[in-house]
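So that the names make sense, note that chain A is the first sequence line, chain B the second, and so on, each numbered from 1. As a basis for the values below, the full set of heavy atoms in this structure was taken, side chains included, without hydrogen atoms, waters or symmetry mates.
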Number of protein chains: 2
Amino acid sequence: MESADLRNAGLKVTLPRLKILEMLETSQERHLSAEDIYRRLIDLNEDVGLATVYRVLTQFEAAGLVQRHNFEGGHAVFELDRGPHHDHMVRLDTGEVIEFVSEEIEALQNKIAEKHGFLVEEHSLVLYVRPKPTKA
Amino acid sequence: MESADLRNAGLKVTLPRLKILEMLETSQERHLSAEDIYRRLIDLNEDVGLATVYRVLTQFEAAGLVQRHNFEGGHAVFELDRGPHHDHMVRLDTGEVIEFVSEEIEALQNKIAEKHGFLVEEHSLVLYVRPKPTKA
DNA sequence: ATAAGTGCAAAGCATTTGCAACCAA
DNA sequence: TTGGTTGCAAATGCTTTGCACTTAT
């Protein structure tokens, strides 16, 4: 029951918010743009405004419910913040987003920052990849 | 003599292009936005248009003369593509950009991509950092 | 000469904001 | 009731484009 998540975040439980949360939870693709979400809701005859989608996503981000990513290509994408941290690979041929985890990279990042006298507050790591050609 | 770089890139040697290249080469900060460059040239009484700065930077990027980075905060920044690859740390308190190199992270990225059947075409790694608090 | 390059103003796109109507608490 | 929420339209901010003029070759 996702109403609890909203209440926890100090947000009133409203139709648009529930629908957007549900969309993020049930969608096949885990990474959706505001426009993606808006279009899908419209297609489902849910009467929301694009501005509301943006506002709600921003609130969700502030509440820690979703993460915002700025991959190449102009628009931001959002994903539900389920559990453990991970980074992303973006297929240059299809646009598909693949998640991965690397403790080693994580550790190295912290080591490097510390060497410079800093602490990593957050980071963004995106690999833009192409399928490995099959041996001829 | 930077005219050669321009000619090499198949670009006519024009005043705006020379000025922009020079700006990137001589500026203290190595990471400048289009607006930054535009403002500085205007202050130097160089009569360029902002649109030209954008066009030139895009051409420079295509020619491999500069790299474009999309750090958080709306606008892109550009830096001269001098030699070896490096990644970036952005200070959250001052906005300062610090460069660093990590062969290990580089290697791990490739290893991970390969494990998934991909090759890394390019990547973006940005650490958002704060000064490490001094021991009390 | 002539194709590329320029400045300006207008257009474009993703995202944000003002505001009157609306609704959860 | 009443302060948070919404949808719409208008505004924003960065970047791109159309076009007539200029310039490098």
Side-chain angles (χ1 to χ4, degrees), chain A residues 1-23 31-42 44-63 65-78 95, chain B residues 1-23 31-42 44-63 65-78 95:
Chain A
M1 161 140 297
E2 50 263 300
S3 316
D5 297 320
L6 294 178
R7 248 183 270 280
N8 260 332
L11 299 169
K12 277 188 185 171
V13 179
T14 66
L15 234 312
R17 284 175 182 159
L18 282 172
K19 289 301 174 189
I20 292 170
L21 237 194
E22 190 188 320
M23 180 92 287
H31 302 80
L32 300 173
S33 69
E35 187 85 29
D36 287 339
I37 294 173
Y38 171 68
R39 289 247 164 283
R40 289 170 196 219
L41 290 179
I42 292 300
L44 265 53
N45 290 311
E46 301 293 343
D47 184 18
V48 293
L50 180 54
T52 300
V53 175
Y54 275 106
R55 266 186 299 231
V56 167
L57 286 172
T58 302
Q59 292 160 343
F60 282 5
E61 188 192 11
L65 288 175
V66 308
Q67 279 184 267
R68 179 196 303 249
H69 301 291
N70 294 296
F71 299 153
E72 310 258 313
H75 57 288
V77 298
F78 300 80
Chain B
M1 160 138 299
E2 50 263 299
S3 315
D5 297 320
L6 293 178
R7 247 182 270 281
N8 261 331
L11 298 170
K12 277 188 186 171
V13 178
T14 65
L15 235 307
R17 284 175 183 160
L18 282 173
K19 288 303 173 188
I20 292 170
L21 237 193
E22 190 186 320
M23 179 92 287
H31 303 80
L32 300 173
S33 69
E35 187 85 29
D36 287 339
I37 294 173
Y38 172 69
R39 288 247 164 285
R40 288 170 197 219
L41 290 179
I42 292 300
L44 266 53
N45 290 311
E46 301 294 342
D47 184 18
V48 293
L50 179 54
T52 299
V53 175
Y54 274 106
R55 266 186 300 232
V56 167
L57 286 172
T58 302
Q59 294 160 341
F60 282 5
E61 188 192 11
L65 289 175
V66 307
Q67 278 184 268
R68 180 195 301 250
H69 301 292
N70 294 296
F71 300 154
E72 310 258 313
H75 58 288
V77 299
F78 300 80

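Residue B/Leu15 is classed as having no contact, given no heavy-atom separation below 4.0 Å to the nucleic acid. Residue B/Ala76 is in sugar-phosphate contact alone, with no base atom involved, counting any heavy-atom pair closer than 4.0 Å across all strands shown. B/Arg7 comes within 4.0 angstrom of the backbone, heavy atoms only, and of no base.
Summarising the geometry, the separation between CD on B/Gln59 and C1' on D/dT16 is reported as 13 Å, rounded to the nearest angstrom. Atom-to-atom, CG of B/Leu50 to C1' of D/dT16 comes out at 11 Å; the value is rounded to the nearest Å. At whole-Å resolution of the value, CZ in B/Arg17 and C1' in D/dT23 are 11 Å apart. Rounded to an integer number of Å, the gap from NZ of B/Lys19 to P of D/dT23 is 16 Å. Taking atom CG of residue A/Leu21 and atom P of nucleotide D/dT5, one finds them 14 Å apart after rounding to whole Å. Atoms CG (B/Asp36) and C1' (D/dC14) sit 13 Å apart, rounded to a whole Å. Across the protein-nucleic acid pair, B/Ile37 atom CD1 and D/dC14 atom C1' stand 15 Å apart, rounded to whole Å. Between the CG atom of B/Leu18 and the C1' atom of D/dT23 there is a distance of 13 Å, rounded to whole Å.
Across every non-hydrogen atom of B/Ser3 and B/Val13, the tightest pair is O-CG2, 3.9 Å. Closest of all the heavy-atom pairs between A/Thr52 and A/Pro16 is CG2-CB, 4.0 Å. Between A/Ala76 and A/Asn70, the shortest heavy-atom contact is CB-OD1, 3.6 Å. Pairing each heavy atom of B/His31 with each of B/Asp36, the nearest pair is O-OD2, 4.5 Å. Heavy-atom minimum distance, A/Val66 versus A/Phe78: CG2-CD2, 4.2 Å. Nearest heavy atom pair, residue B/Val53 against residue B/Ile20, reads CA-CD1, 3.8 Å.
The side chain of B/Thr58 contributes no N or O atom lying less than 4.0 Å from OP1 or OP2 of D/dT15.
How far CZ of A/Arg55 is from CG of A/Leu50: 10.0 Å, rounded to the nearest 0.5 Å.
Ranked by how close their nearest DNA chain C nucleotide is to the 5' end, A/Ser33 and A/Val13 are led by A/Ser33. Two residues, A/Val48 and B/Asn70, neighbour DNA chain D, and the one matched to the more 5' nucleotide by heavy-atom proximity is A/Val48.
Mapping heavy-atom proximity under 4.0 Å, the span of DNA chain C touched by chain A runs 5' to 3' from C/dA14 to C/dA25.
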Every protein N/O within reach of nucleotides 17-22 of chain D N/O, cut-off under 3.5 Å:
| unit_1 | atom_1 | unit_2 | atom_2 | d |
| --- | --- | --- | --- | --- |
| D/dG18 | O6 | B/Arg55 | NH1 | 3.3 |

Checklist line | Full working for side-chain contact (heavy atoms from CB on, under 4.5 Å) between B/Leu41 and B/Met23 | finding: CA-CA 8 Å; B/Leu41 290 179; B/Met23 179 92 287; 4.3 Å; yes

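Screening A/Arg40, A/Arg17, A/Lys19, A/Arg39 for a salt bridge (charged side-chain N to carboxylate O under 4.0 Å, His left out) with A/Glu46, the sole residue that qualifies is A/Lys19.
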